[in-house]
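Following: one structure in structure tokens, then a few remarks.
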Amino acid sequence: MSSVKIECVLPENCRCGESPVWEEASDSLLFVDIPAKKVCRWDSLSKGVQQVTVDAPVSSVALRQSGGYVATIGTKFCALNWEDQSVAVLATVDKDKKNNRFNDGKVDPAGRYFAANRRSVYKLEKEEQIPDGMCIDAEGKLWVACYNGGRVIRLDPETGKRLQTVKLPVDKTTSCCFGGKDYSEMYVTCARDGMDAEKLLQQPQAGGIFKITGLGVKGIPPYPYAG
């Protein structure tokens with residue numbers, strides 16, 4: 001059995017990195033920095049990163065079957081043209097709720113883009129952790145990033161049993177996805193917002209993008225938006 005290796009491949013200092021998505025065609029990882037209002041694309045071959053800044057917090061990004069990307073920006077579903085950095089609104093929800101925004105989004109196997117609003121606020125004590133972003137591997141098992149837990153865990157969705165735990169050197173792990181050759185690598189986003197100076201000194205890689213190899217399992221390609 002191969003040993004698990006964890007590497008910070010991009011010390012991006014995201015305030016709140018989220019929504020990692022692997023784009024096989026360009027060998028790149030897409031992700032967002034929600035409060036910084038940025039959609040980012042990291043090239044795994046050149047190691048360079050490109051960014052597009054939008055006009056509101058951006059909570060998720062996804063591939064689009066017809067080309068380009070789609071993203072949830074504020075309370076809008078938007079099409080994103082990476083070449084000219086243009087954004088076109090596809091739909092808007094909750095126009096009467098100015099302080100609301102999408103919190104996350106994902107494309108289902110049928111090519112539909114689902115997104116959830118921020119409907120509730122929860123108070124968490126310092127030592128608590130909550131499940132955040134997640135993905136599914138080729139064996140149908142669920143991988144969940146634990147916010148304030150500094151780990152990703154593998155669960156059996158039928159029994160709820162924890163099968164594997166991978167600890168990372170940062171507390172605020174936010175989401176995960178499979179990517180790389182044969183989808184054998186896992187990429188994990190995290191956050192640094194809310195950390196004091198002492199914590200940031202202890203966790204200098206907070207807000208970076210991490211790659212995990214040697215998990216012994218592969219993922220599946222992300223579903224593109226069919227619209």
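Everything numeric in this text was worked out from a predicted model, so none of it was measured.
- Rounded to the nearest 0.5 angstrom, Glu7 CD and Lys211 NZ are separated by 5.0 Å.
- Annotation for Arg64 and Gly227: closest pair NE-O, 2.9 Å, computed over non-hydrogen atoms.
- Between Gly133 and Cys176, the closest heavy-atom pair is O-SG, 4.1 Å.
- A 4.5 Å side-chain heavy-atom check between Met195 and Gln202 finds every atom pair outside the cut-off.
- One distance of note links NZ of Lys38 with SG of Cys16; it measures 14.0 Å at 0.5 Å rounding.
- Leu163 and Val4 fall into different hydrophobic clusters, where Ile, Leu, Val, Met, Phe, Trp and Tyr residues are linked whenever their side-chain heavy atoms come under 4.5 Å apart, directly or through other members.
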Go through the steps for Val21 and Leu29 under the test side chain to side chain contact (heavy atoms under 4.5 Å, CB included), then give the verdict. CA-CA 6 Å; Val21 179; Leu29 182 76; 5.9 Å; no
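- Tracing side-chain contacts under 4.5 Å through hydrophobic residues (I, L, V, M, F, W, Y), one never reaches Tyr113 starting from Tyr69; they form parts of separate clusters.
- The two residues Ala206 and Ala191 make their nearest non-hydrogen contact at CB-O, 4.0 Å.
- A donor-acceptor contact shorter than 3.5 Å links the side chain of Ser19 to the backbone of Val61.
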Would Leu200 and Arg192 count as a side chain to side chain contact (heavy atoms under 4.5 Å, CB included) if you check the C-alpha gap in whole Å, the side-chain angles of each, and the deciding distance to 0.1 Å? CA-CA 8 Å; Leu200 288 171; Arg192 61 191 284 116; 3.6 Å; yes
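- Residues Val144 and Leu155 form a side-chain contact, since some pair of their non-hydrogen atoms from C-beta on lies under 4.5 Å apart.
- Looking only at side-chain heavy atoms (C-beta outward), Val87 and Ile73 come within less than 4.5 Å of each other.
- With a 4.5 Å cut-off on side-chain heavy atoms, Phe210 and Met186 do not count as touching.
- A donor-acceptor pair under 3.5 Å is formed between the side chain of Thr173 and the backbone N or O of Cys146.
- Nearest approach of Thr72 to Phe102, heavy atoms of both residues: CB-CD1, 3.6 Å.
- Annotation for Lys47: atom NZ counts as buried by contact number, over 12 foreign heavy atoms lying within 6.0 Å.
- Shortest non-hydrogen contact noted between Ile6 and Pro169 is CG2-CD, 4.3 Å.
- Note that SG of Cys177 is 13.0 Å distant from CD1 of Ile136, once rounded to the nearest 0.5 Å.
- Under the 4.0 Å criterion applied to side-chain N and carboxylate O atoms, Lys141 and Asp137 are not assigned as salt-bridge partners.
- With hydrophobic clusters built from ILVMFWY side chains whose heavy atoms lie under 4.5 angstrom apart, Val188 shares a cluster with Phe31.
- With contacts defined as side-chain heavy-atom distances shorter than 4.5 Å, the pair Val166/Arg151 does not qualify.
- Distance check: Trp42 CH2 to Glu12 CD gives 11.5 Å after rounding to the nearest 0.5 Å.
- Side-chain contact check for Asp196 versus Lys199: some heavy-atom pair is nearer than 4.5 Å.
- At a threshold of 4.0 Å, the pair Arg154-Glu139 counts as salt-bridged, since one of the basic side-chain nitrogens sits closer than that to a carboxylate oxygen.
- Note: the hydrophobic cluster containing Ile212 also contains Ile209 (ILVMFWY, side chain heavy atoms under 4.5 Å, direct or indirect links).
- No continuous path of ILVMFWY side-chain contacts below 4.5 Å connects Leu63 to Leu90, so the two sit in separate hydrophobic clusters.
- In this structure, the side chain of Lys106 engages the main chain of Met134 through a donor-acceptor pair within 3.5 Å.
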Determine, step by step, whether Asp33 and Gln51 satisfy the side chain to side chain contact (heavy atoms under 4.5 Å, CB included) criterion, reporting the C-alpha distance in whole Å, the side-chain angles of both residues, the deciding distance to 0.1 Å, and the verdict. CA-CA 10 Å; Asp33 187 345; Gln51 300 176 342; over 6 Å; no
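- The distance from the CD atom of Glu185 to the CZ atom of Phe178 is 10.5 Å, given to the nearest 0.5 Å.
- The existence of a salt bridge linking Asp193 and Arg15 is confirmed by a sub-4.0 Å separation between a basic side-chain nitrogen and an acidic carboxylate oxygen.
- Side-chain atoms of Lys37 never come within 3.5 Å of backbone atoms of Ile34 as a donor-acceptor pair (strictly under, hydrogens ignored).
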Audit row: Thr189, Thr174, side-chain hydrogen bond (donor to acceptor under 3.5 Å, both in side chains) steps and yes/no: CA-CA 6 Å; Thr189 53; Thr174 56; 2.7 Å; yes
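- The aromatic rings of Trp22 and Tyr187 lie parallel to each other, with less than 30° between the two planes, well short of the 60° mark.
- Checked by atom type, the side-chain pair Gln50/Trp82 shows a donor-acceptor distance below 3.5 Å.
- Under the 4.5 Å side-chain criterion, counting only non-hydrogen atoms from C-beta, Pro222 is in contact with Tyr183.
- Proximity of a side-chain donor or acceptor of Gln203 to a complementary backbone N or O of Asp171 within less than 3.5 Å is detected.
- Looking only at atom types and distance, the side chain of Arg112 has no donor-acceptor partner in the side chain of Tyr225 under 3.5 Å away.
- Proximity of a side-chain donor or acceptor of Ser86 to a complementary backbone N or O of Asp84 within less than 3.5 Å is not detected.
- In this structure, OG in Ser60 is found 9.0 Å from CD in Glu18, a value given to the nearest 0.5 Å.
- Of the charged side-chain nitrogens involved, at least one lies within less than 4.0 Å of a carboxylate oxygen, so that Lys76 and Asp55 count as a salt-bridged pair.
- Of all the heavy atoms in Cys190 and Gly207, the pair that sits closest is SG-N, 3.1 Å.
- A 6.0 Å sphere centred on NZ of Lys167 holds more than 12 heavy atoms belonging to other residues, nucleotides or ligands.
- No side-chain heavy atom of Val49 sits less than 4.5 Å from a side-chain heavy atom of Asp43.
- Residues Ser184 and Asp182 have side chains that never bring a donor and an acceptor to within less than 3.5 angstrom of each other.
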